[in-house]
Amino acid sequence: MRGTLAFPFPRVMHASFNLAAELDAALMAAASAAGLVDAAEFAPDVRPADARHGDYQANGVLGHAKARKLNPRATAEKLVAALPAGLHDACAIMIAGPGFVNFTLKPAALLAWLRAHDTEDHLRAGAASAKHNQTWIVDYSSPNTAKQMHVGHLRSAVIGEAIARLLAFSGARVVRDNHIGDWGTQFGKLIWAYKRHLDAGALAQDPLEEFERLYKAGHHAAEAGPAVMDEARAELVKLQGGDAENLAIWRKINDVSLAAFQQIYDRFGIRFDVALGESFYNDKVGQIYRELSGCGLAVESDGALVVFHPEHPRFKQQPLMIRKRDGAANYASTDLATILYRAEHFHATGALYVVDKRQSDHFEQLFLTAQKWFAQSGRPVPQLQHVDFGTILGEDNRPLKTRSGENIKLKDLLAEAEERAFALVSGRSLDFPEAERRAIAAIVGVGSVQYADLSQNRSSDYVFAWDKMISLEGNTAAYLLYAIARIHSIFRKLAARPNDLAIEGAASALETPAELALARKLVKFPNALDTAVGQLRPHFLCLYLYELAGEFSAFYNADKVGVDDAGIRGRRLLLCARTLLILETGLRLLGLRTLTRM
RNA sequence: GCACCUGUAGCUCAACUGGAUAGAGCGCCAGACUACGAAUCUGGAGGUUAGGGGUUCGACUCCCUUCAGGUGCGCCA
């Protein structure tokens, strides 16, 4: 699969991006060269190791040998002997325990990697092979129009954005699609109230507040009187029938809603490529009914059109309803139409649905249906994945709400985050002008909210705690941003710039324990990226960045950068520059903004 | 009722889908500023991975079972 081996030993200046992958390839080559039994099935399984065992470890030898009644240690020795000489020059190789192969990079190899990976473009070039020639739709955020975004919308937006950025960095063509809820029965009541109770001033001031007020007014009026209910229903029928006035109102509601959403997205750095909401698929569901009925997947049941899966323990009983008894479409029909559109129009390799885990049943059923349908109609079957996430809980371990039981609006949540960050920054950086403290607070506050969400496994619920989130201690955005600010400060203090060839060219060999520990952490960025992208779990990247910042702080405390010796100063500034590069690149991939002082 | 998810240090969470002695932060204890930002760093104590059984060279991870909590289940999305 890979070409020639180009490991960064001293004489070769080309250093491959992912060293674990290179070692993996080298072991595979060694296996066939050494005539290992079933060499074609051998999977070396090289991964980063605990530091006390080296930099990388190959776990695969043990299992391969055991399964074939070979002696694991003898097998390992045979493979190690067959590795190219260049590799033995670049790292110390040890066989340990029952049959692990451990690799410890030598200082020169570490330095060669650091020299080669000096810019974000070079990192991207290294990472871009992973998803080359793939097109992925990332379906995230997806709020309903005419309503404000609230905490329930936070995770999808934040996690979805990070995943989109990670995939793009890994070489994929990414289509960010905001699958807006812009079509549904709520528009009857809303239009009814809009025609009677609209407050134009309030609409100009804060349109979503006004739409919410109107919807509630319409809802209450309909509850109170059946006559209003009938009128509201009639408004809905007119809308769906293409009535010009109602359609204009509906369009205005959607336009204004999208503009309001964008104000929130701007604070998170989110920009969608398309926003194809449910209404976009209105005229595309007829084909779904025809095709699924035609191939026998969908059947009539009580007047509705449904899909059963006889082989499935649950879905043999519990159907996927694709057309309601009254003939209306629902989310299953539009979701199927969406899958078809994404496959045909975007030629998507697959689609990722960044949606609350409580909808997992729906997606399992939907994907099963789509895959059968595509297979039966001779279409290539797209890869569909529900990228699920847990609930944000309050301190009481119940879903997070305001004291009065309302959903917390995102704009209020972000305002509080910035306010708390401002207090924190003001308490520490008294000499900064207020405008700068405000700007810093915006980055720290919003970044803290994003990072708190991203830094833990998305599948589990988490407790929303301001004090932990905005804190400077532990695995938080502020800790990472502080490390970045401190590195910038070093360069300012020494009147130097990152990637200055005159400085870095003079760098002498890495030597102290802290220098080596930091360098060994830096070269493992590709593995963190790999894991995060492979599992679509950004928290692996967060954990790595946090550990990197920790190694940097330890290095910073142990070894002074601003020394007179040009060789020592050069190599330490090089370490600072690469740490800065990877911290900034990593945080940007997560969707955070960074700063130069705080 | 059926199905899925979760249970790891006092607290909040990791553990790269089966790898080596289960790791961090907070809190607690003891240390480090005449040094580039101490918003930091160094060290220590703290565990029968909810309980029990099984699979194998090896289990927090896979299988069975008990317990505790959560979520979903035909016309909302």
Side-chain angles (χ1 to χ4, degrees), chain A residues 45 47-50 52-53 57 59-60 62-63 65-67 72 96-100 102 142 144 179 181 184-186 278 301-306 313-315 317-326 328 330-332 334-335 355-362 364-365 388 390-391 393 397-398 424-425 427-429 455-457 459-463 465 467-468 471-476 478-479 481-483 485-494 527-528 530-532 534-535 537 539-540 542-544 546-547 550 552-563 572 576 597-598:
Chain A
D45 189 19
R47 60 177 72 177
D50 184 300
R52 57 181 181 263
H53 296 126
Q57 61 182 53
N59 294 336
L62 188 52
K66 274 284 178 188
F100 297 108
N102 294 338
S142 310
N144 292 328
H179 194 74
T185 47
Q186 77 271 22
E278 287 163 359
S301 167
D302 290 341
L305 196 59
V306 299
R314 227 168 28 261
F315 304 148
Q317 300 277 356
Q318 178 189 320
L320 179 73
M321 177 174 305
I322 62 171
R323 190 180 61 205
K324 300 196 279 189
R325 194 162 41 191
D326 62 8
N330 66 355
Y331 63 105
T334 52
D335 279 350
V355 180
D356 190 291
K357 70 179 176 188
R358 282 173 296 195
Q359 292 188 38
S360 61
D361 260 14
H362 166 66
E364 190 185 349
Q365 207 170 12
D388 68 354
T391 308
L393 306 174
N397 274 334
R398 303 294 310 161
L424 186 76
V425 170
R428 304 285 182 176
S429 310
S455 61
Q456 54 195 283
N457 193 331
S459 294
S460 42
D461 299 345
Y462 77 93
V463 175
D467 290 341
K468 287 201 173 69
S471 168
L472 302 138
E473 288 162 332
N475 189 4
T476 62
Y479 179 83
L481 291 170
Y482 174 65
R486 213 158 48 163
I487 298 173
H488 278 290
S489 173
I490 293 169
F491 281 103
R492 281 194 299 268
K493 199 78 168 188
L494 301 182
N527 306 103
D530 240 25
T531 310
Q535 301 190 36
R537 294 188 191 276
H539 79 278
F540 287 110
C542 294
L543 182 66
Y544 168 80
Y546 173 58
E547 288 172 350
F552 175 78
S553 293
F555 157 77
Y556 177 86
N557 267 55
D559 295 333
K560 184 165 181 170
V561 178
V563 293
R572 291 186 181 164
C576 287
R597 64 175 203 162
M598 67 186 274

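Protein chains get the first letters and strands the later ones, always in sequence-line order, with residue 1 at the start of each.
- The line from CG of A:Asn457 to CG of A:Leu543 is 11.5 Å long, rounded to the nearest 0.5 Å.
- In this structure, A:Lys66 reaches the bases: a heavy-atom distance under 4.0 Å links it to at least one base atom across the strands shown.
- Going from atom CG of A:Asp467 over to atom P of B:G27 covers 11 Å, rounded to whole Å.
- Looking at residues two or more places apart in sequence or on another chain, you find no side chain to side chain donor-acceptor pair (under 3.5 Å) involving A:Tyr546.
- Between A:Thr531 and A:Arg47, the side chains place no donor N or O within less than 3.5 Å of an acceptor N or O (distance only, hydrogens not considered).
- Nucleic acid contact class of A:Phe540 (heavy atoms, under 4.0 Å, all strands): sugar-phosphate only.
- Centre separation under 5.5 Å together with a plane angle under 30° does not hold for the ring of A:Tyr556 and the six-membered base ring of B:C41, so they are not marked as stacked.
- Under the 4.5 Å side-chain criterion, counting only non-hydrogen atoms from C-beta, A:Val355 is not in contact with A:His362.
- A:Ser460 has no side-chain polar atom (N or O) that falls below the 4.0 Å cut-off from OP1 or OP2 of B:G7.
- Here B:C26 sits opposite B:G10 as a Watson-Crick or G-U wobble pair (both hydrogen-bonding atom distances under 3.5 Å).
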A correct 5'-to-3' footprint of nucleotides 72-77 of chain B, with B, S and - meaning base, sugar-phosphate only and no protein heavy atom under 4.0 Å, is SSBBSB
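- Nucleic acid contact for A:Val561: base, since at least one base atom lies under 4.0 Å from a heavy atom of the residue.
- Atom CG in A:Leu481 sits 13.0 Å away from atom CZ in A:Arg486 (nearest 0.5 Å).
- The distance from atom CG of A:Leu481 to atom C1' of B:U40 is 15 Å, rounded to the nearest whole Å.
- With respect to A:Ser459, the side chain to side chain contact (heavy atoms under 4.5 Å, CB included) criterion is satisfied by exactly one of A:His539, A:Arg537, A:Lys357: A:Arg537.
- The interatomic distance linking A:Lys357 (NZ) with B:G70 (P) rounds to 13 Å, in whole Å.
- Taking the P atom of each, B:U6 and B:A14 are spaced 11 Å apart, rounded to whole Å.
- B:C76 and B:G10 have their C1' atoms separated by 43 Å, with the value rounded to a whole Å.
- Between the P atoms of B:G23 and B:A15, the separation comes to 14 Å (whole Å).
- Of the candidate nucleotides B:A14, B:G70, B:U40, B:A14 has the atom lying nearest to any side-chain atom of A:Leu543.
- Taking a pair to require two hydrogen-bonding distances under 3.5 Å in either a Watson-Crick or a G-U wobble arrangement, B:A3 pairs with B:U71.
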Before you tell me yes or no, could you show the steps for A:Tyr479 and A:Ser471 under side chain to side chain contact (heavy atoms under 4.5 Å, CB included), namely the whole-Å CA-CA distance, both residues' side-chain angles and the distance that decides it to 0.1 Å? CA-CA 8 Å; A:Tyr479 179 83; A:Ser471 168; over 6 Å; no
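- At a threshold of 4.0 angstrom between heavy atoms, the contacts of A:Pro48 include nucleobase atoms, whether or not backbone atoms are also involved.
- For the atom pair A:His179 NE2 and A:Thr334 OG1, the distance stands at 5.0 Å (nearest 0.5 Å).
- Contact annotation for A:Leu494: no contact, since no heavy-atom pair falls under 4.0 Å across all strands.
- The same atom, P, is picked in B:C62 and in B:G19; the two are 11 Å apart, to the nearest Å.
- Remark: B:G37 base-pairs with no nucleotide in the shown strands. Criterion, Watson-Crick or G-U wobble with two distances under 3.5 Å.
- With C1' as the reference atom, B:C26 and B:G46 are 14 Å apart, rounded to whole Å.
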Provide a list of protein-nucleic acid N or O atom pairs under 3.5 angstrom, restricted to nucleotides 17-25 of chain B.
unit_1 : atom_1 : unit_2   : atom_2 : d
B:G19  : OP2    : A:Arg47  : NH1    : 3.2
B:G19  : O2'    : A:Gln57  : NE2    : 3.4
B:A20  : N7     : A:Gln57  : OE1    : 3.1
B:A20  : N6     : A:Gln57  : OE1    : 3.2
B:A20  : N6     : A:Asn102 : OD1    : 2.4
B:A20  : N6     : A:Asn102 : ND2    : 3.2
B:A20  : N1     : A:Asn102 : ND2    : 3.2
B:U21  : O2'    : A:Arg52  : NH2    : 3.3

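- For the P atoms, the distance linking B:A45 with B:G51 amounts to 23 Å, nearest Å.
- Closest contact between the side chain of A:Leu472 and the listed nucleotides B:A14, B:G70, B:A39 involves B:A39.
- In this entry the distance linking OH of A:Tyr482 with C1' of B:A38 reads 7 Å, nearest Å.
- Interatomic distance, CG of A:Asp335 versus OH of A:Tyr331, reported as 8.5 Å (0.5 Å rounding).
- Among the heavy atoms of the strands, none lies under 4.0 Å from A:Asp388.
- Distance, A:Arg398 CZ to B:U6 C1': 15 Å, rounded to whole Å.
- A sub-4.0 Å separation between OP1 or OP2 of B:A15 and a side-chain N or O of A:His539 is present.
- Comparing the P positions of B:C67 and B:U21 gives an interatomic distance of 34 Å, to the nearest angstrom.
- Residues A:Val463 and A:Lys468 have side chains not in contact (no heavy-atom distance under 4.5 Å, counting atoms from C-beta outward).
- With a cut-off of 3.5 Å on both Watson-Crick or G-U wobble distances, the partner of B:G19 is given as B:C57.
- At the heavy-atom level, A:Asn457 lies under 4.0 Å from the strands shown only through sugar-phosphate atoms.
- For the C1' atoms, the distance linking B:U56 with B:C63 amounts to 13 Å, nearest Å.
- A:Ser489 comes within 4.0 angstrom of a base, heavy atoms only.
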